Novice: 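Here it is: the structure, laid out below.
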Amino acid sequence: MKYSYRIIIGLMVALALPFAIAGVVNAQSTPLSNEQLARIVTNCVSAKNTLNQLHASDALLRVNRGQAYVSISSRLMTRFNNRVETNSYDAKDLTSATQNYDNSYTAFYASYKAYEEQLSLALRIDCTKQPAEFYQAVASARTKRTQVHTDVVRLHQNIDDYSAAFATFSTDFTSRGVNN
Amino acid sequence: MSDVHTEHDAYDQPDDVSYWAKHRLLALIVSAIIISLGLVTISLALYGSSGAAQLDLSRPGYRAVSSQAVKSEQTDKDFGNYAAFGPLDQASITEFKTLYDKQAGSAKAVDAFSGDPLDPVFLQINAPSTND
């Protein structure tokens, strides 16, 4: 009986420990000095203006880039893969590259959504009254924007991967045509 | 107790009609409003959770940039209309390569979301240095 109690207590400690550590880390990551808080309050209006402009320009960038990224998959990759398959050629590598690209786009979609929501949250905070919260919200939005850029870089890499798969297919197709 | 009914009584509602039967029109209007509020709530929740809100440049705050969004007609023109069906020959491969290289180059030309505009130093919300 005592043994089972120990197991239960051990499990509870194991489950609670990560939260306790996260709480300590979080508490340690927010020591803003009075001077910094005063600086945030002083520059609150200009910081918010900059964030508002960034919010709008990033939205435009997201819409235009997103449209281009989706079109590359739906209007080019998928159509070419389909054409290859309907002509009874092996499109495995091309399909795989397209799948990776689509997965990256899904990640980009989600990470931009998370970033935009965080930036909107930061914009809703009154930085003259809650400077520490504003600072943390901006810091979180900064991390999330970095993730969006990482996803963009991965999408560009996937575009190159498809290009490489296409080049291989094209070379095989040409050599087969020459041999035939 | 008189059991005599006049002609006028035929148009009157009987006393034993329920409360809801008496207020059918009001109940209909209230129900319609409740249902429409529910549907609006659901659609707004979907609008927010699906990510559509992030792509909606008609929202307040985006009006200044909405005119700069690439129109779908322009995208149609840029991407051409590569057919998903048809014979696969050297001409169709060359056509695809031309279209793909052009659009891939265009997509990669913009290093979107690079830079660090949310740097506290840039926003002037960083900790003041000893020189400040």
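A note on names: the letters A, B, ... follow the listed sequences, proteins ahead of strands, and every chain is numbered from 1. Predicted, not measured: the structure shown is a model, and the values here were computed from it.
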Novice: So what's closer than 4.5 Å to chain B heavy atoms on A:D58: side chain, backbone, both or neither?
Specialist: both

Novice: Counting only non-hydrogen atoms closer than 4.5 Å, does B:A52 touch chain A with its backbone (N, CA, C, O), its side chain (CB onward), both, or neither?
Specialist: backbone

Novice: Is the shortest heavy-atom distance from the side chain of A:D93 to the side chain of A:F169 under 4.5 Å?
Specialist: no

Novice: Contact part of A:T50 toward chain B, heavy-atom cut-off under 4.5 Å: side chain, backbone, both or neither?
Specialist: side chain

Novice: So what's closer than 4.5 Å to chain B heavy atoms on A:V41: side chain, backbone, both or neither?
Specialist: neither

Novice: Using non-hydrogen atoms only, which part of B:A53 is less than 4.5 Å away from chain A: side chain, backbone, both, or neither?
Specialist: neither

Novice: Kindly assign one of parallel, tilted or perpendicular to the pair B:F96 and B:Y100, based on the angle between their ring planes and the thresholds 30° and 60°.
Specialist: parallel

Novice: Just verifying a value: how many Å separate A:Q99 CD and A:S73 OG, rounded to the nearest 0.5 Å?
Specialist: 9.0 Å

Novice: Against chain B, label A:L37 side chain, backbone, both or neither, depending on which of its atoms sit under 4.5 Å from a heavy atom there.
Specialist: neither

Novice: Verify the neighbour count for atom NZ of B:K108: are there more than 12 heavy atoms of other residues, nucleotides or ligands below 6.0 Å?
Specialist: yes

Novice: Highest number of heavy-atom pairs under 4.5 Å with chain B: which of A:V63, A:N64, A:I40?
Specialist: A:N64

Novice: Within the side chain of A:T98, is there an N or O that forms a donor-acceptor pair under 3.5 Å with the backbone of A:L94?
Specialist: yes

Novice: Counting N and O atoms only, with roles assigned by atom type, does the side chain of A:T86 sit under 3.5 Å from a partner on the main chain of A:N82, one being a donor and the other an acceptor?
Specialist: yes

Novice: What about the rings of A:Y115 and A:Y112, do their centers lie closer together than 6.0 Å?
Specialist: yes

Novice: Name the region of B:L57, side chain, backbone, both or neither, that has any atom closer than 4.5 Å to a heavy atom of chain A.
Specialist: side chain

Novice: How far does CD1 of B:I93 sit from OG1 of B:T98, to the nearest 0.5 angstrom?
Specialist: 11.5 Å

Novice: Counting heavy-atom pairs closer than 4.5 Å to chain A, which one of B:I125, B:T94, B:L99 comes out on top?
Specialist: B:I125

Novice: Going by atom types only, do B:S92 and B:D89 share a side-chain donor-acceptor pair under 3.5 Å?
Specialist: yes

Novice: May I ask you to name which of A:T146, A:V148, A:D151, A:L119 has the most heavy-atom pairs under 4.5 Å with chain B?
Specialist: A:V148

Novice: Mind checking which of residues 59-81 of chain B sit less than 4.5 Å from chain A, heavy atom to heavy atom?
Specialist: B:R59, B:G61, B:Y62, B:V65, B:Q68, B:A69, B:V70, B:K71, B:S72, B:T75, B:D76, B:F79, B:G80, B:N81

Novice: Using 0.5 Å steps for rounding, measure from the CD1 atom of B:I29 to the CD1 atom of B:I34.
Specialist: 12.0 Å

Novice: When you check the side-chain N and O atoms of A:E85 and A:N81, is any donor under 3.5 Å from an acceptor?
Specialist: no

Novice: Which bit of A:F80 is near chain B, if near means a heavy-atom gap under 4.5 Å: side chain, backbone, both or neither?
Specialist: both

Novice: Report which part of A:R145 has an atom under 4.5 Å of a heavy atom belonging to chain B: side chain, backbone, both, or neither.
Specialist: both

Novice: Parallel, tilted or perpendicular, judged at 30° and 60°: which one describes the rings of A:Y69 and A:Y101?
Specialist: perpendicular

Novice: Could you grab the distance from atom CD of B:Q124 to atom CZ of A:R39, nearest 0.5 Å is fine?
Specialist: 6.0 Å

Novice: Measure A:L54 against the heavy atoms of chain B and call it side chain, backbone, both or neither at under 4.5 Å.
Specialist: side chain

Novice: If you count heavy-atom pairs within less than 4.5 Å of chain B, which of A:R83, A:E116, A:H149 leads?
Specialist: A:R83

